[in-house]
2 protein chains.
Amino acid sequence: MTAFDPDSSTPAYRQIAAILRERIADGTYPPARMLPSIERLRQEYGVARNTARKVLDTLVDEGLAYTEPGMGTYVMDAEHERG
Amino acid sequence: MTAFDPDSSTPAYRQIAAILRERIADGTYPPARMLPSIERLRQEYGVARNTARKVLDTLVDEGLAYTEPGMGTYVMDAEHERG
DNA sequence: TTTCATTTGTCCGTATGTATT
DNA sequence: AAATACATACGGACAAATGAA
């Protein structure tokens, strides 16, 4: 289990991304499940919008999630797999 | 030749990224050449630091460039090719 | 060693636009 | 129309890395 520590030398956005990555891997967030929104992450971890944003961007860049504008960011699934 | 138009519906960071992408492709910026710094892009296109930043991030994400912290962002070359 | 300038890294706050429900 | 959620962009601040003087 990974915990968030705002005083760690590891950047906040990487810590939070690691936590979500872990939950995707263990099935807490299964494929096609919507991940916490930017606003939700902001509230939960006390970070700025831009920081929460970067968390989701990171996961999308890694191919672990995809974004539907106006909808949310979801765990990657077979229907959205990218080549 | 692509020009930058701040009033275009195409986001500024994408327009500028397209310009740099073009210059990488045509050899204006050859492999291992340092790309314009964030500050340089800011001055040249009149955009905010974060916007200029996103331009370089985009090219790095695409594998067209790589960053050396404290040094600059360079055009991808054989020595830095990623698998 | 120290200092300085340059450049990237992270983070905050705010504003506005676009898309979907 | 309203609520939710992402997209873009501005501004500012401070830290860390590097290289040069």
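A note on names: the letters A, B, ... follow the listed sequences, proteins ahead of strands, and every chain is numbered from 1.
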Asker: First and last nucleotide of DNA chain D touching chain A, 5' to 3', heavy-atom cut-off 4.0 Å?
Answerer: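 For DNA chain D, the relevant span reads D/dA5 to D/dA9.
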Asker: Roughly, in whole Å, what's the span from OH in B/Tyr74 to C1' in C/dT8?
Answerer: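 B/Tyr74 atom OH is separated from C/dT8 atom C1' by 11 Å.
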Asker: Separation of B/Glu39 atom CD from C/dA5 atom C1', in whole Å?
Answerer: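 Distance check: B/Glu39 CD to C/dA5 C1' gives 12 Å.
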Asker: Please report the distance, rounded to the nearest Å, between CZ in B/Arg40 and C1' in C/dA5.
Answerer: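 Distance check: B/Arg40 CZ to C/dA5 C1' gives 17 Å.
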Asker: Suppose the criterion is ring-ring contact (aromatic ring centres under 6.0 Å, His included): which pairs have a residue in residues 47-75 of chain A, not counting sequence neighbours?
Answerer: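 Of all non-adjacent pairs touching residues 47-75 of chain A, those that pass ring-ring contact (aromatic ring centres under 6.0 Å, His included) are A/Tyr66-A/Tyr74, A/Tyr66-A/His80.
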Asker: Return a single string for nucleotides 15-21 of chain C, one symbol per nucleotide in 5' to 3' order, where B is base contact, S is sugar-phosphate-only contact and - is none, cutoff 4.0 angstrom on heavy atoms.
Answerer: ----BSS
Asker: I'd like a table of donor-acceptor pairs (distance under 3.5 Å, sequence neighbours excluded) in which one partner is a side-chain atom from residues 45-64 of chain B, with atom names and distances.
Answerer:
unit_1: B/Thr58; atom_1: OG1; unit_2: B/Lys54; atom_2: O; d: 2.7
unit_1: B/Glu62; atom_1: OE1; unit_2: B/Arg21; atom_2: NE; d: 3.0
unit_1: B/Glu62; atom_1: OE2; unit_2: B/Arg21; atom_2: NH2; d: 3.0

Asker: If hydrophobic clusters are built from ILVMFWY residues whose side chains come within less than 4.5 Å, do A/Met34 and A/Val75 share one?
Answerer: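 They do not share one cluster, since no chain of ILVMFWY contacts under 4.5 Å joins A/Met34 to A/Val75.
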Asker: Would you kindly give the CD1-to-P distance between B/Ile38 and C/dG9, to the nearest whole Å?
Answerer: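 Taking atom P of C/dG9 as the reference, CD1 of B/Ile38 is at 7 Å.
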Asker: Counting only side-chain nitrogens and oxygens, does B/Thr73 get under 4.0 Å of the OP1 or OP2 atom of C/dT8?
Answerer: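 Yes, B/Thr73 has a side-chain N/O under 4.0 Å of OP1/OP2 on C/dT8.
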Asker: Identify whether A/Met71 and A/Leu35 are in the same connected component of the hydrophobic contact network (ILVMFWY, side-chain heavy atoms under 4.5 Å).
Answerer: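 Unlinked, A/Met71 and A/Leu35 end up in two clusters.
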Asker: Is there a donor-acceptor contact under 3.5 Å linking the side chains of B/Gln15 and B/Thr10?
Answerer: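 Distance-only check fails for B/Gln15 and B/Thr10.
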Asker: Could you tell me whether a side-chain N or O of A/Glu81 sits under 3.5 Å from a main-chain N or O of A/Met76, the two making a donor and an acceptor?
Answerer: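 Checked: no pair found.
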Asker: In Å and rounded to the nearest 0.5 Å, what is the CD1 to CZ distance from B/Ile19 to B/Arg23?
Answerer: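 Answer for the CD1-CZ pair, B/Ile19 versus B/Arg23, is 6.0 Å.
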Asker: Starting at atom OH of B/Tyr66, determine the distance to atom P of C/dT8, rounded to an integer number of angstrom.
Answerer: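 Distance, rounded to whole Å: 13 Å.
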Asker: Under a 4.0 Å heavy-atom cut-off, which of residues 6-15 of chain A touch DNA chain C?
Answerer: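 Output list: A/Pro11, A/Ala12, A/Tyr13, A/Arg14.
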Asker: Using purine N1 to pyrimidine N3 plus N6-O4 or O6-N4 for Watson-Crick, or N1-O2 and O6-N3 for G-U wobble, both under 3.5 Å, which nucleotide pairs with D/dA1?
Answerer: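 None - no nucleotide pairs with D/dA1, as no candidate has both distances under 3.5 Å.
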Asker: Using a cut-off of strictly less than 4.0 Å, decide whether B/Arg53 has a side-chain nitrogen or oxygen near OP1 or OP2 of C/dG9.
Answerer: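 Yes.
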Asker: Only pairs at least two apart or in different chains count here, so list each ring-ring contact (aromatic ring centres under 6.0 Å, His included) that has a residue in residues 15-42 of chain A.
Answerer: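 Sorted pair list comes back empty.
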Asker: Can you tell me how far CG of B/Asp77 sits from CZ of B/Arg33, rounded to the nearest 0.5 angstrom?
Answerer: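 The distance works out to 12.5 Å.
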